[in-house]
Each structure stands twice: as C-alpha cells, then as structure tokens.
Student: 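Here's a structure for you.
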Amino acid sequence: MVNPTSRTAMVTGAARGIGAEVARRLAADGFAVAVLDLDEDAGKPVVAEIEKAGGRALAVGVDVADEAAVQAGVDRVAAELGAPTVLVNNAGVTRDNMLFKMGVDDWDAVLNVHLRGAFLMSRAAQKYMTQEKWGRIVNLSSIAALGNRGQTNYSAAKAGLQGFTKTLAIELGKFGVTANAIAPGFIETDMTKATAERLGIPFDDFVKGAATKIPVGRVGQPEDIAHLVSYLVSEGAGFVSGQVVYVAGGPVG
C-alpha cells in the first residue's frame, strides 16, 4: 500500500467552507495539499493551519475557468509539492434567479466555474495521474442536480458534473484512476447563508426549517463531506468509480 505522504492532493475553492475542511482532512490523512482558490491570499490561513498541525500545504491562486491559469497552477503544484494525483473539484458559485430573470452572464458564470473549471482542472491533472498509474478525482455535485427552483444554472451545472464524472471513470479507469461525485444536501456554509439572505430568512430559522425535512434531524456540516472525500481518495476505494453519492441525511429523489 502506498503511503499518502508520497501523494499530493489539489482542492479547488479551498479557502473556506467544504473546500477548506476537505483540505484540512486530506492533510490530516497524510497528503501534501494544494489549497486552490481564486484569491491566493484567502487560502493562506488554511495552509497555516495545516502547517501548524505538521502537514505540507501550498496556497495557489487560480481562476478555474481560465485555461492558462489552470495549467500554470497545476504545474506549480507539481513543481513545489509533487505530482498531483488527487483532485477535488469543489470550486463553485451561485447566481440564483428565476429563469425569466436570469441573465446570460449569470448562466455563464455558474457553468464556467462548475463545469468548465472541473474540465480544465481534470484535464491538466490527468497527465500526472496517468503517468503515476494512480489517481483519484472527486467532483462536488449537489442535490440541486435533481432540480431546484431558482437555480436553472446551478442545477444544470451540478447535473452536468455527474455525467462528466461517469465519463471520466470510463476513460481513466485503465490507468488506475477513479472518478466519483458527491452530491451534498443542505450543508451549513457561507453559500447557504447567502441563500438565506437572498430569501430574506434569518439563517438560524433557515437551518431549523431545513433540519425538520431531513430524516437524521440536522443539516450537514463540511466535515460530513470531508469524511466521504477521505474515503473516496483512499487506497481502499480503488474499486469505487463512476458513482454519485448523495450526502443529504436521508433518501433523495
């Protein structure tokens, strides 16, 4: 079994929320972790936490929708931390609105970050994974992939990531690379706080209301997602590929 300390992981959108928690967890698991975010400085506190705990990490500023920036960022990670063989495509934005009010810019912004970003990052990283004959790609989808009022752009992007994931699994499997998607339900993050603000609902009330509809009786936390990422990128998950796992506290769909 390969020791994770010889592996390098990249997590996009890792300056806060789910991405930051995933970065911390993978570092605790022994990976060197590249904390990728649009703002490099925003990722430095996460890097400092990881280093304080004895891990290796690097903050890299990358616009995942920019082809040249992605290539430069991935090459920098390879040079400074080692060949990246784990990729968690977590970067995301929301531009919610009803269809008749949604502008083209809002559509493009969401599709570019989620779908184009995952494509560009995966394409750049697969070079290192196929060379190493080992790799793990985890894409963050959402229960919104099943449809959610006011989120035609976000729902389309998150559904697209599921098809993207399954195709990566088919194409890259022979190289020892797995690809899986995690579809979170309600996770308590800055993004869900922004949704509550958009709806004009106090966040505490928003959380309590959501929890009443979830079988386990609570909303999710970033750690809930990080636990599953930890498993999916592990050596032991080598026969799990092309799957979409809904992490929502109960059945979905």
Side-chain angles (χ1 to χ4, degrees), residues 7-20 22-23 26-27 31-44 46-47 50 56-95 105-132 134-142 153-154 156-158 160-169 171-172 175 177-182 191 229 232-233:
R7 305 283 193 200
T8 296
M10 299 187 294
V11 184
T12 67
R16 61 191 63 79
I18 291 173
V22 168
L26 294 185
F31 291 92
V33 180
V35 176
L36 275 57
D37 206 86
L38 185 61
D39 179 2
E40 184 167 320
D41 286 342
K44 289 181 178 178
V46 178
V47 169
I50 290 171
R56 293 176 61 222
L58 173 70
V60 182
V62 176
D63 177 353
V64 296
D66 183 311
E67 183 176 10
V70 165
Q71 191 61 58
V74 173
D75 288 345
R76 181 183 168 196
V77 171
E80 297 191 34
L81 285 183
T85 52
V86 170
L87 169 63
V88 181
N89 284 310
N90 168 74
V93 296
T94 55
R95 297 289 187 274
D105 288 347
D106 289 337
W107 174 271
D108 288 345
V110 171
L111 271 290
N112 281 344
V113 173
H114 292 273
L115 271 180
R116 179 181 169 92
F119 158 67
L120 291 174
M121 287 296 306
S122 299
R123 189 181 65 175
Q126 61 82 33
K127 165 189 170 183
Y128 297 97
M129 297 178 184
T130 54
Q131 286 175 350
E132 296 290 324
W134 192 95
R136 300 284 187 264
I137 298 173
V138 179
N139 297 315
L140 268 294
S141 180
S142 168
N153 48 6
Y154 189 76
K158 292 305 194 182
L161 278 171
Q162 296 188 13
F164 175 70
T165 298
K166 291 176 183 293
T167 302
L168 289 183
E171 292 188 8
L172 299 176
F175 299 103
V177 179
T178 67
N180 293 284
I182 297 174
M191 190 173 285
V229 173
L232 290 175
V233 306

Student: To the nearest 0.5 angstrom, please state how far the CD atom of Glu132 sits from the CZ atom of Phe175.
Tutor: 13.5 Å
Student: Out of curiosity, Glu171 CD to Lys166 NZ, how far, rounded to the nearest 0.5 Å?
Tutor: 14.5 Å
Student: Run the side-chain hydrogen bond (donor to acceptor under 3.5 Å, both in side chains) test against Arg76 and tell me which residues pass, sequence neighbours left out.
Tutor: Glu40, Glu80
Student: Determine whether Leu36 and Val77 make a side-chain contact, defined as any pair of heavy atoms from C-beta on separated by less than 4.5 Å.
Tutor: yes
Student: Any donor and acceptor pair, going by atom type alone, linking the side chain of Gln126 with main-chain N or O of Arg123 inside 3.5 Å?
Tutor: yes
Student: For Ala9, check side-chain contact (heavy atoms from CB on, under 4.5 Å) against everything at least two apart and list the hits.
Tutor: Leu26, Phe31, Val86
Student: Please confirm whether the backbone N or O of Leu140 pairs with a side-chain atom of Asn90, one donor and one acceptor, at under 3.5 Å?
Tutor: no
Student: With a 4.5 Å heavy-atom cut-off, do Met129 and Leu87 have their side chains touching?
Tutor: yes
Student: Looking at every non-hydrogen atom in both residues, tell me the closest pair between Ala91 and Thr12 and how far apart they are.
Tutor: N-OG1, 2.8 Å
Student: Nearest heavy-atom pair of Val70 and Ala124: which atoms, and what distance?
Tutor: CG1-CB, 4.1 Å
Student: To the nearest 0.5 Å, what is the distance between CZ on Arg116 and CG on Asp63?
Tutor: 9.0 Å
Student: With side-chain contact (heavy atoms from CB on, under 4.5 Å) as the test, pick out the partner of Val11 among Ile18, Asn89, Val33.
Tutor: Val33
Student: Locate the shortest heavy-atom distance separating Ala69 from Val62; write the atom from each residue and the value.
Tutor: O-CG1, 3.9 Å
Student: Evaluate the side-chain proximity of Leu58 to Val47: yes if any heavy-atom separation is below 4.5 Å, no if none is.
Tutor: no
Student: List in chain and number order the residues that pass side-chain hydrogen bond (donor to acceptor under 3.5 Å, both in side chains) with Asp41, two or more places apart in sequence or in another chain; answer none if no residue qualifies.
Tutor: Lys44
Student: Which distance, rounded to the nearest 0.5 Å, do you find between the CH2 of Trp107 and the CG of Asn112?
Tutor: 11.5 Å
Student: Are the side chains of Arg136 and Leu232 in contact, using a 4.5 Å heavy-atom criterion?
Tutor: no
Student: Counting N and O atoms only, with roles assigned by atom type, does the side chain of Ser122 sit under 3.5 Å from a partner on the main chain of Phe119, one being a donor and the other an acceptor?
Tutor: no
Student: How many angstroms lie between CG in Asp66 and CG in Leu38, if you round to the nearest 0.5 Å?
Tutor: 10.0 Å
Student: Taking Asp37 for its side chain and Ala15 for its backbone only, find out whether a donor-acceptor pair lies under 3.5 Å.
Tutor: yes
Student: Which value, rounded to the nearest 0.5 Å, describes the distance between Thr165 atom OG1 and Asn180 atom CG?
Tutor: 7.5 Å
Student: So do Val64 and Leu120 actually touch side chain to side chain, heavy atoms under 4.5 Å?
Tutor: no
Student: Are Asn139 and Leu168 side-chain neighbours, meaning at least one heavy-atom pair lies under 4.5 Å?
Tutor: yes
Student: Backbone N or O of Lys158 within a donor-acceptor pair of the Ser141 side chain at under 3.5 Å?
Tutor: yes
Student: Kindly indicate whether the side chain of Val110, heavy atoms from C-beta on, has any atom under 4.5 Å from the side chain of Thr94.
Tutor: no
Student: Shortest non-hydrogen contact from Val46 to Ala14?
Tutor: CG2-O, 3.7 Å
Student: Kindly give the heavy-atom pair with the smallest separation between Ser142 and Gln162, and that separation in Å.
Tutor: O-NE2, 4.2 Å
Student: Could you go through the side-chain contact (heavy atoms from CB on, under 4.5 Å) check for Leu172 and Ile137 one step at a time?
Tutor: CA-CA 10 Å; Leu172 299 176; Ile137 298 173; 4.0 Å; yes
Student: Would you kindly say whether Asp75 and Tyr128 are connected by a side-chain donor-acceptor distance under 3.5 Å?
Tutor: yes
Student: Of all the heavy-atom pairs spanning His114 and Gly92, show the shortest one and how long it is.
Tutor: CE1-CA, 3.3 Å
